[in-house]
Number of protein chains: 2
Amino acid sequence: MKKSKGNLASRPRLSDVANAAGVSLGAASKALSAPDAVRPATLRAVRRAVESLGYIPSGAARALASRSTGMVGVVLPTINNPVYATFVHELQKTLARQGLHLLALAHEYDRESEIRLIERLVSRSVDALIMIGTDHDDRTTSLLKKIGMPHVHCWSSDKAPRQGALGFNNQAAMIKVVDHLADLGHKRVAMVGGETWNNERAQWRLRGVKKAAAVHKIELVEVATVPLTIAGGQIGYRQIDPVRNKITALICGTDLQAAGALHAARTEGVVLPDQLSITGFDDIEMAALLSPALTTIRAPIAELAVTTGNAIIGMLQGEGIPKSLSLPTELIVRQSTGRAPD
Amino acid sequence: MKKSKGNLASRPRLSDVANAAGVSLGAASKALSAPDAVRPATLRAVRRAVESLGYIPSGAARALASRSTGMVGVVLPTINNPVYATFVHELQKTLARQGLHLLALAHEYDRESEIRLIERLVSRSVDALIMIGTDHDDRTTSLLKKIGMPHVHCWSSDKAPRQGALGFNNQAAMIKVVDHLADLGHKRVAMVGGETWNNERAQWRLRGVKKAAAVHKIELVEVATVPLTIAGGQIGYRQIDPVRNKITALICGTDLQAAGALHAARTEGVVLPDQLSITGFDDIEMAALLSPALTTIRAPIAELAVTTGNAIIGMLQGEGIPKSLSLPTELIVRQSTGRAPD
DNA sequence: TTGTAAGCGTTATCAG
DNA sequence: CTGATAACGCTTACAA
């Protein structure tokens with residue numbers, strides 16, 4: 001039951017390579033990190049030695065000496081949501097081109113957890129940090145400032161600071177949804193949204209709905225606060241019970257919730273969109289496959305990931321904090337919305 | 001444009017903590033790693049110093065000295081597939097309980113890429129490694145053996161070695177699918193599968209289909225090899241063109257492919273399952289939400305993740321290589337399969 | 001229990 | 001361009 005010593009047991013080290021190549025440690029080091037700064041003969045000898053010994057550098061030693069790990073950290077709500085999985089996917093691809101690895105940690109929507117995870121990433125000496133959302137604990141904010149860790153905030157651009165926030169406008173997107181429903185003649189709607197505590201994306205989406213509803217004189221009958229999952233959407237549907245309550249449109253905070261609500265409605269035999277319209281947010285791949293296919297907001301997740309990755313790369317190259325950016329969203333009208341019944 | 005020095009610029013070090021607490025470096029170190037091994041007074045002083053200085057340990061230094069990083073690596077095909085996202089999700093939760101972090105890298109189904117990623121994880125000194133599948137390059141296998149890195153293989157238990165392979169039986173699962181279709185009277189079927197090169201999961205699934213088809217005297221008319229994605233499923237559907245070719249059942253290698261095929265069929269106005277039955281594999285959450293809901297194999301991904309996590313934890317505690325394990329799969333019959341048309 | 005000091009494997013500095 | 005040598009910040013015997 002004793003703790004393993006890890007695996008560094010007896011790997012060849014750089015000094016072994018240097019010996020085998022007949023050069024000094026310094027020369028060997030340089031041959032690997034700056035191949036152009038050594039004589040071709042030296043380079044060749046070192047490379048051959050590396051090859052024959054099967055040398056693999058020690059990241060820990062390298063990190064300690066160079067003060068850089070080549071890892072960037074990202075703290076996100078959960079990986080178990082296609083929208084974040086896609087983000088991570090694209091981010092990894094972008095960072096990998098620069099030899100950077102992504103260390104992704106999920107806090108499962110728990111604030112204390114987020115604080116701890118960020119400390120862990122700091123402890124692991126990631127070179128930069130990516131956070132989802134603009135709303136974070138003061139301890140986190142001050143920690144990052146204190147140690148000068150490069151970081152960006154992702155996802156929402158609603159009322160974001162001038163620097164370091166990349167995302168899209170949640171409120172404006174939701175307004176498009178409500179405008180669409182207004183066009184279809186809906187007068188009584190309800191929302192299935194996420195917890196707004198510590199989640200400004202959910203907050204702005206809700207605000208967008210309220211604002212646009214007021215403009216169009218649409219009655220927002222109820223707002224259910226449920227998990228941002230398929231199961232959450234089902235719960236929200238049952239809680240609101242739209243048909244019985246003469247609600248003609250259900251606005252969901254995410255596609256996952258919409259998928260759950262849609263499924264619950266179909267299970268109860270409700271005809272969509274004749275009896276009830278349902279909208280989502282994100283436009284995950286699955287949205288188009290549901291039946292009826294989901295009317296939703298396309299959130300520019302892949303672009304966001306690429307933009308974020310490049311911003312991080314830029315910061316690591318000393319370019320400073322990127323100026324904030326708001327990417328466009330788009331209303332995608334499919335078959336889950338239709339004219340309001342009488 | 002000069003390269004950033006990283007962020008370790010001027011963080012307090014353990015020696016600062018020791019000074020502030022009025023104890024030696026060694027005592028401070030011990031207070032943090034083995035709180036029970038120091039006097040309460042010392043512990044308190046150190047903790048107070050940590051608190052007031054905002055000390056966060058250097059993972060790099062710790063890793064270098066202790067030969068252990070507290071990170072476990074996982075190399076998987078892609079994170080952009082719910083089945084792997086769920087696996088990572090559960091794995092993270094399991095490992096986190098022991099203070100271990102997961103470093104996940106995706107090779108996007110490219111063998112050379114996988115080799116390099118594993119080298120990178122070795123270089124990063126992960127304490128252990130998780131690989132998807134049992135079929136890996138010799139270079140990888142010999143590297144891991146040479147350096148003695150603890151590792152396990154996940155996903156398939158078909159013809160797996162006695163040790164270190166955790167998964168389920170892909171062939172047996174597919175046989176259940178074909179048995180089910182045979183019961184429904186299907187005589188001409190086709191498969192939409194994944195590339196079998198370097199992917200024994202896809203291989204065994206295909207073999208399962210062939211084997212069971214032979215037993216039941218079912219004709220396997222065509223096998224389309226397409227990407228393991230929704231788009232791949234759509235391509236596979238069009239390639240096979242089941243209705244025109246009088247194929248009554250389409251067996252898909254994954255739920256994602258099945259979702260794509262199902263959507264393609266519906267787009268063409270094919271009535272499911274009256275004209276055509278479609279089956280999936282994995283039972284991702286979305287499978288139950290499609291219409292018709294997908295008949296599929298439930299792969300025990302969450303259990304696999306927990307089992308894997310615990311196996312890794314065990315190995316890190318010196319328990320040795322776990323013996324191989326085969327978790328049960330289950331045929332989930334929903335509405336996408338029905339009696340074969342005449 | 002605590003303090004001392006020797007590594008851990010690189011990078012980086014600075015003479016040669 | 002190369003080669004010693006000093007960091008890097010922590011863990012871990014070993015001695016006190």
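Quick note on labels: first sequence line is chain A, next is B, and so on, each numbered from 1.
One interatomic measurement links the two molecules: CZ of A/Arg62 to P of D/dC10, which rounds to 21 Å at whole-angstrom precision. One interatomic measurement links the two molecules: CZ of A/Arg11 to P of C/dG9, which rounds to 9 Å at whole-angstrom precision. Atom CG in A/Leu32 sits roughly 16 Å away from atom P in C/dG9 (whole-Å rounding). With rounding to whole Å, B/Leu14 atom CG is found 15 Å from D/dC8 atom P. Residue A/Leu64 contributes atom CG, which lies 9 Å from atom C1' of C/dG9 at whole-angstrom precision.
Residue pairs meeting the ring-ring contact (aromatic ring centres under 6.0 Å, His included) criterion with at least one member in residues 95-132 of chain B, sequence neighbours excluded, do not occur. Residue pairs meeting the salt bridge (charged side-chain N to carboxylate O under 4.0 Å, His left out) criterion with at least one partner in residues 130-145 of chain B, sequence neighbours excluded, are B/Arg111-B/Asp137, B/Glu112-B/Arg139, B/Asp137-B/Arg139. Within the structure, salt bridge (charged side-chain N to carboxylate O under 4.0 Å, His left out) contacts touching residues 302-311 of chain B (residues at least two apart or in different chains) are B/Arg298-B/Glu303.
Contacts of A/Glu108 classified as side-chain hydrogen bond (donor to acceptor under 3.5 Å, both in side chains), with partners at least two apart in sequence or in another chain: A/Thr78, B/His89. Qualifying side-chain hydrogen bond (donor to acceptor under 3.5 Å, both in side chains) partners for B/Arg47, counting only residues two or more places apart in sequence or in other chains: none. For B/Ser29, there are no side-chain hydrogen bond (donor to acceptor under 3.5 Å, both in side chains) partners two or more places apart in sequence or in a different chain. For B/Thr86, the side-chain hydrogen bond (donor to acceptor under 3.5 Å, both in side chains) test picks out A/Asn80, with sequence neighbours left out. For the side chain to side chain contact (heavy atoms under 4.5 Å, CB included) test, residues two or more places apart in sequence or in another chain that qualify with B/Ala49 are B/Val17, B/Ala20, B/Ala21. Looking at residues two or more places apart in sequence or on another chain, you find a salt bridge (charged side-chain N to carboxylate O under 4.0 Å, His left out) between A/Glu90 and A/Lys93.
Applying the side chain to side chain contact (heavy atoms under 4.5 Å, CB included) test between A/Trp155 and each of A/Thr134, A/Ile301, A/Thr308 identifies A/Ile301 as the sole match. Checking B/Leu103, B/Val152, B/Leu121, B/Ile312 one by one against B/Leu129, the side chain to side chain contact (heavy atoms under 4.5 Å, CB included) holds for a single residue, B/Leu121.
Among the nucleotides D/dT2, C/dT10, D/dC10, the one closest to any side-chain atom of A/Arg13 is C/dT10.
Each end of the helix from C/dT1-D/dA16 to C/dG16-D/dC1 gets its own rotation axis from five pairs of C1' atoms, and the angle between them is 30° to the nearest 10 degrees.
Scanning residues 39-57 of chain B for heavy-atom distances under 4.0 Å to DNA chain C yields B/Arg39, B/Thr42.
Phosphate contact (OP1/OP2 of C/dT10, side-chain N/O of A/Ser29, threshold under 4.0 Å): absent.
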Restricting both atoms to N or O, compile the protein contacts to nucleotides 3-7 of chain D shorter than 3.5 Å, with distance only.
residue : atom : partner : partner atom : Å
D/dG3   : OP2  : A/Ser24 : N            : 2.8
D/dG3   : OP2  : A/Ser24 : OG           : 3.2
D/dG3   : O6   : A/Lys30 : NZ           : 3.4

